[in-house]
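Reminder, nothing fancy here: chain letters follow the sequence lines and each chain counts from 1.
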Amino acid sequence: MTPAARWTGLAALLALWQGLALAGGGWPLAGPLEVAGWLWSNPGLTGRAVAVTLANAAWGFVLGNAAALGLAVIAALWPRAQNLVAGLALVVFCLPLIATGPILRVLMGPGDGPQIVLAALAVYYTTLIPMLAGLRAIPSAWLDLVQSYGRGRWAELAHVRARASLPYLLAGLQISAPAAILGAMVGEFTGAERGLGVLTIRFTRDLDIAALWSMAVVAAGLSIAVYAAIGWAGRRALPGAPPVILAPPRLIRGSPARRLADTALLTAAALTLWWAGVELLDLNPFLAKRPPDVAAAFFGSPDTRAALLDAAAKTLALAVPGYLAGLALGAGLAVLLSLRPGLAGLTVPLAVALRSIPIVTTAPLIVLLLGRGAAGTVTLVAVMVFFPTFVACQQGLRQAPGPILDLFRSHASGPWRQMLHVRIPAMLPALFASARMSVPAAILAATVAEWLATGRGLGNLMALSASVSDYTMLWLAMVAVTLISATIYGGIAWAERRVLSVMAPEQVRP
Amino acid sequence: MDKPGPPASIECTGLSRLFDGSILAVDGIDITFAAGRTTALLGPSGCGKSTLLRLIAGLEEPTTGQVRIAGEPPAALCRQGGLSIAFQDPCLLPWLTVARNVALGRKLARQAPDPQGVDQIINLVGLGGFQNARPASLSGGMRQRAAIARALITRPRVLLLDEPFGALDALTRRQLAQDLPPLWQDQAATTLLVTHSVDEAVMLAHRIVILSPRPARVVADIAVPLPQPRNPESPAFRRIVGEVLAQLARGGEMAQSLAAQ
């Protein structure tokens with residue numbers, strides 16, 4: 001695609017947006033001109049908030065990625081630890097930022113600490129997963145070569161794996177840069193004093209439409225800018241196509257009994273880390289609950305249990321349809337564009353750019369647009385799931401093996417037939433990978449919408465518990481959200497194994 | 001130049017390797033490879049030749065039996081940097097130049113850097129002028145030459161070549177087979193060459209060991225008493241080639257009759 005076409009597309013989009021804003025009678029829309037005008041008249045306010053948010057995001061980016069690198073190196077040096085490292089990383093990634101935010105806030109005080117920790121939590125997983133893949137994406141002969149000189153895992157790491165994983169590291173860093181801004185902003189939602197997130201909350205309360213749109217535009221612009229900057233630096237440093245990373249490398253597989261043992265070990269390790277961490281840091285028992293406190297609250301008090309289950313049901317009732325709609329739209333649009341390649345030239349760069357926008361930070365806006373009913377939440381979840389699924393499915397469709405397509409063409413099979421029999425099966429691994437990775441994101445989107453706007457479900461329960469200092473309920477809700485995310489993730493992984501073992505057996509390693 | 005030592009003899013006793021508990025790749029091989037000699041291991045595809053080589057390199061553990069190199073387990077020689085292996089895939093690291101790929105051999109063997117030696121060996125394998133080229137810009141034959149240079153740079157006591165010419169075209173193979181004998185005569189390492197090509201085996205080896213289809217057993221052991229350089233058109237050369245082909249056929253029949261039982 002030529003730069004000219006890209007700028008034309010962008011201009012058309014801006015014109016469409018401005019047109020909608022002008023025509024949107026009664027809708028809380030602000031067009032690009034109003035946004036530009038607001039930003040022009042509030043340069044100091046915006047500039048200070050951007051500086052604070054960027055600084056927090058940068059600290060989180062550095063700390064989170066350092067942790068991810070450390071964990072990836074541990075998994076490379078001790079392959080037996082990989083299942084546990086990846087599993088614990090997933091559990092931590094499933095922690096709802098809305099609950100960890102307020103807890104960190106009361107533990108760390110009003111400074112920048114919680115924003116930085118949340119930014120670090122938001123980035124480490126998106127770097128760890130490509131690194132785990134990159135450190136293993138090596139021809140086995142290279143490892144034989146190192147071993148034939150009588151050298152061990154450290155030499156493998158130093159001479160082969162480290163350099164071979166660099167493209168994967170860059171791909172991970174690129175995805176994690178917008179995620180750091182998302183984490184910092186969610187941290188600022190939870191009662192910080194400065195930053196874009198604080199302004200967003202304030203303008204939502206004031207219903208200052210132009211200001212709110214300006215905040216969303218600034219957050220989106222920052223995200224696209226850091227995403228593009230790291231991509232540019234990566235292309236400069238490492239010529240050659242970046243690797244396509246869709247999902248964590250499949251865990252080292254075993255019998256059902258082995259998997260059960262792995263799950264048990266993971267649960268035990270997660271509980272131990274939680275309990276030991278709270279004890280070792282000597283955290284206030286009123287704020288930082290231990291596993292027995294949470295278990296006692298759930299099993300001991302029917303009221304608490306009923307409130308929790310009711311909230312979970314309400315959240316899932318909106319999150320699941322939104323999640324499924326996002327998957328269907330993402331995969332559907334990818335298939336459609338593959339059949340009409342003319343359209344793809346314009347939409348693909350746009351989708352890649354939009355994928356990098358932290359949708360959650362625009363939550364107040366989407367809910368404002370679509371109302372406080374179910375539609376707003378479902379849409380937010382769907383949008384959150386849509387972009388990564390769309391991009392992944394497009395890459396998946398391109399994985400269709402050329403010789404098989406040639407075979408179909410030689411039998412004069414049309415594009416629909418090729419799509420049904422070759423391309424869609426080739427896309428399935430990417431779709432499943434995206435479906436798995438989108439689970440925590442979908443739950444995050446649903447709970448943020450509930451918290452900021454709709455006032456129901458788990459998001460509201462967590463926010464309410466935090467505001468009335470009911471920390472038992474807050475911890476209970478945090479455990480519940482984590483369990484829900486991890487369970488759905490596991491369920492999709494199970495379905496993935498069943499489907500791919502039939503449709504794409506080469507993808508399911510023995 | 002630091003040298004790990006004189007060529008080492010290799011002794012395999014009762015060597016077997018079972019894969020997945022049921023597939024027998026190597027079955028009770030007893031064989032000794034004399035120090036400083038070049039032996040070709042010939043046999044049909046998938047007969048377990050490569051497994052035998054990997055067992056000797058210590059890359060696989062034997063199910064039963066043992067390998068001793070100069071009286072010690074292979075790992076001991078590996079740790080001293082005394083063993084080099086070249087695979088069918090040249091296995092060059094794409095981000096390193098030819099010179100640095102060759103130097104990697106010394107690094108992995110924990111030998112001191114030797115830029116002059118690296119330069120010398122690159123010229124010797126016929127890659128002079130390509131020291132700073134990256135593997136992606138080389139032809140298949142040139143990459144294989146670089147891989148062989150990396151194997152030779154450590155002055156190994158044991159040199160294992162696992163079909164290093166397998167992926168090359170016939171012309172390049174013949175050229176390499178002609179270029180290499182002077183190189184490893186100079187090195188005098190104990191060399192094992194796994195190959196499919198009878199001509200290559202007769203061209204390069206002092207001794208040819210013919211293995212049966214899987215599981216690998218020794219079918220025949222043929223000496224090649226020809227002086228280097230060898231002429232592949234000479235009657236003596238052709239006679240040995242004929243003998244090797246006959247033994248290969250016999251090995252196939254033996255395996256078939258065993259399977260029939």
Shortest non-hydrogen contact from B:Phe87 toward A:Ala141
CE1-O, 4.0 Å
Smallest heavy-atom separation, B:Arg79 atom then A:Gly150 atom, equals CG-O, 3.8 Å
Heavy-atom distance under 4.5 Å to chain B: side chain of A:Arg151, backbone, both or neither?
side chain
Are A:Arg163 and B:Leu93 close enough that some pair of their side-chain heavy atoms sits under 4.5 Å apart?
no
So for B:Ala109, is it side chain, backbone, both, or neither that comes closer than 4.5 Å to the heavy atoms of chain A?
both
Is chain B contacted by the side chain of A:Ala158, its backbone, both, or neither, given a heavy-atom distance below 4.5 Å?
neither
Okay, B:Leu77 and chain A: the region with an atom under 4.5 Å from a heavy atom over there is neither
Tell me, side chain or backbone of B:Arg54 under 4.5 Å from chain A's heavy atoms, or both, or neither?
side chain
How long is the straight-line distance from CG of B:Leu108 back to OG of A:Ser148, given to the nearest 0.5 Å?
8.0 Å
Looking only at heavy atoms, the pair that brings B:Arg150 and A:Tyr149 closest together is O-OH, 3.7 Å
Partner of A:Asp144 by side chain to side chain contact (heavy atoms under 4.5 Å, CB included), out of B:Leu59, B:Asp89, B:Ile85:
B:Leu59
Considering residues, nucleotides and ligands other than B:Arg100, do more than 12 of their heavy atoms fall under 6.0 Å from its CZ?
no
